[in-house]
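The structure appears below as structure tokens.
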Amino acid sequence: MTADDKHTRTRAIIRKLKRRFPDAGCSLTHRTPLQLLVSTILSAQCTDARVNIVTKDLFKRYKTAKDYAAADPDELAEIIRSTGFFRNKTKSILGMARALLENHGGKVPQTMEELVRLTNRLKLTRNKDAVKIERDLMRIVPKKEWTLFPHLMIEHGRATCQARKPQCEECPINTLCPSSPA
């Protein structure tokens with residue numbers, strides 16, 4: 001498949017998904033990149049609605065990466081308990097906060113979200129490495145769509161293209177997907 005074919009197919013995918021998900025956007029309530037990162041960690045195996053309930057109090061208590069890094073693990077675990085897998089999520093949040101402090105001055109780096117599963121299924125990239133995937137996507141996704149594209153992929157992944165059981169027959173982009181049997 002040539003680069004021009006991928007560009008054309010990617011644009012068609014974006015058009016169809018925009019029609020299917022006109023309100024696509026992040027459903028996690030956040031005001032800062034750090035809040036979004038914490039919410040994303042909490043969202044594993046949990047609904048966004050539950051995460052938004054939990055983060056209402058969490059974000060009042062912890063405002064910076066330094067606050068999270070200094071948090072009492074038991075206290076943090078209790079606050080996020082209802083999101084499930086709270087022990088692992090506590091470790092992840094504390095580790096993330098320490099890494100931000102050590103490697104990025106406490107700030108969240110601004111990069112495109114990792115879109116491994118869907119971008120590979122759609123054959124938009126063959127890479128597994130997030131940096132290489134981002135590079136590949138930046139070549140084929142129009143720059144004006146960089147912010148919206150991850151949200152469209154997330155909505156599509158939740159609604160139709162689930163990891164274990166993709167619903168190819170109902171997929172609005174099945175004619176553009178090389179992995180679709182439909």
Side-chain angles (χ1 to χ4, degrees), residues 1-30 32-52 83-85 88-89 92-93 95-96 99-100 103-104 107-182:
M1 177 175 291
T2 69
D4 285 342
D5 292 340
K6 272 191 185 173
H7 281 101
T8 301
R9 196 163 53 83
T10 302
R11 283 177 171 76
I13 287 168
I14 291 169
R15 271 193 313 277
K16 286 184 178 222
L17 291 180
K18 277 178 155 180
R19 282 195 296 271
R20 177 79 181 263
F21 307 107
D23 298 323
C26 185
S27 57
L28 295 168
T29 303
H30 66 283
T32 68
L34 178 61
Q35 288 181 350
L36 179 57
L37 183 52
V38 170
S39 293
T40 302
I41 291 169
L42 295 176
S43 71
Q45 302 296 310
C46 184
T47 66
D48 290 352
R50 167 57 49 195
V51 171
N52 289 338
T83 66
F85 302 99
N88 286 335
K89 291 177 183 181
S92 294
I93 291 170
M96 169 276 300
L100 287 180
N103 303 321
H104 302 285
K107 303 289 182 207
V108 177
Q110 300 295 304
T111 60
M112 185 181 267
E113 292 180 42
E114 185 175 345
L115 302 170
V116 177
R117 179 172 54 82
L118 290 178
T119 56
N120 277 289
R121 190 175 277 170
L122 289 167
K123 307 274 191 274
L124 299 179
T125 182
R126 292 173 192 222
N127 287 302
K128 302 279 187 222
D129 176 71
V131 173
K132 291 177 181 175
I133 291 169
E134 179 179 359
R135 185 192 64 221
D136 290 349
L137 292 176
M138 289 173 76
R139 288 183 186 137
I140 60 173
V141 174
K143 189 170 186 169
K144 68 179 184 173
E145 306 291 2
W146 284 1
T147 301
L148 180 61
F149 185 72
H151 297 298
L152 290 171
M153 291 287 101
I154 289 166
E155 291 289 336
H156 181 59
R158 284 183 183 151
T160 311
C161 200
Q162 294 101 11
R164 291 189 183 133
K165 192 175 180 204
Q167 300 167 357
C168 296
E169 321 74 50
E170 300 170 22
C171 179
I173 59 172
N174 62 9
T175 59
L176 300 166
C177 180
S179 299
S180 175

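Index from 1, following the sequence.
Considering only heavy atoms from C-beta on, Lys16 comes within 4.5 Å of Arg19 through its side chain. Side-chain contact between Leu17 and Glu155 is absent, with no heavy atoms from C-beta onward closer than 4.5 Å. Taking 4.5 Å as the limit, every side-chain heavy atom of Arg20 sits out of range of all side-chain heavy atoms of His156.
Remark: Arg139 engages Asp136 in a salt bridge (Lys or Arg N to Asp or Glu O under 4.0 Å) (not counting sequence neighbours). Looking at residues two or more places apart in sequence or on another chain, you find a side-chain contact (heavy atoms from CB on, under 4.5 Å) between Ala12 and Arg15, Leu176. Every side chain to side chain donor-acceptor pair (under 3.5 Å) that Ser179 has, sequence neighbours left out, goes to Lys123. Residues satisfying the side-chain contact (heavy atoms from CB on, under 4.5 Å) criterion with Lys18, sequence neighbours excluded, are Ile14, Glu145, Leu148, Leu152.
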For a quick test of your reading: what N or O donor-acceptor pairs under 3.5 Å do the side chains of residues 33-49 make, sequence neighbours left out?
residue: Gln35; atom: OE1; partner: Arg31; partner atom: N; Å: 2.6
residue: Ser39; atom: OG; partner: Gln35; partner atom: O; Å: 3.0
residue: Thr40; atom: OG1; partner: Leu36; partner atom: O; Å: 2.7
residue: Ser43; atom: OG; partner: Thr40; partner atom: O; Å: 2.7
residue: Thr47; atom: OG1; partner: Arg50; partner atom: N; Å: 3.1
residue: Asp48; atom: OD2; partner: Ser27; partner atom: OG; Å: 2.4
residue: Asp48; atom: OD2; partner: Arg158; partner atom: NH1; Å: 3.2
residue: Asp48; atom: OD2; partner: Arg158; partner atom: NH2; Å: 3.0

Please walk me through it: do Glu169 and Asn174 pass side chain to side chain contact (heavy atoms under 4.5 Å, CB included)?
-> CA-CA 7 Å; Glu169 321 74 50; Asn174 62 9; 5.8 Å; no
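One distance of note links SG of Cys161 with CD of Gln167; it measures 9.5 Å at 0.5 Å rounding. Interatomic distance, Thr10 OG1 to Leu124 CG, rounded to the nearest 0.5 Å: 4.5 Å. The distance from the CG atom of Leu137 to the NZ atom of Lys132 is 14.5 Å, given to the nearest 0.5 Å. The OG1 atom of Thr8 lies 10.5 Å from the CD1 atom of Ile140; values are rounded to the nearest 0.5 Å. A distance of 5.0 Å separates CD1 in Ile13 from CD1 in Ile173, rounded to the nearest 0.5 Å.
Without hydrogens or angle criteria, His30 side chain to Leu28 main chain gives a donor-acceptor distance under 3.5 Å. With hydrogens and angles disregarded, no donor-acceptor distance shorter than 3.5 Å links the side chain of Lys107 to the backbone of Leu100. Put simply, the side chain of Arg11 never gets that close to the backbone of Lys6: no donor and acceptor are under 3.5 Å apart.
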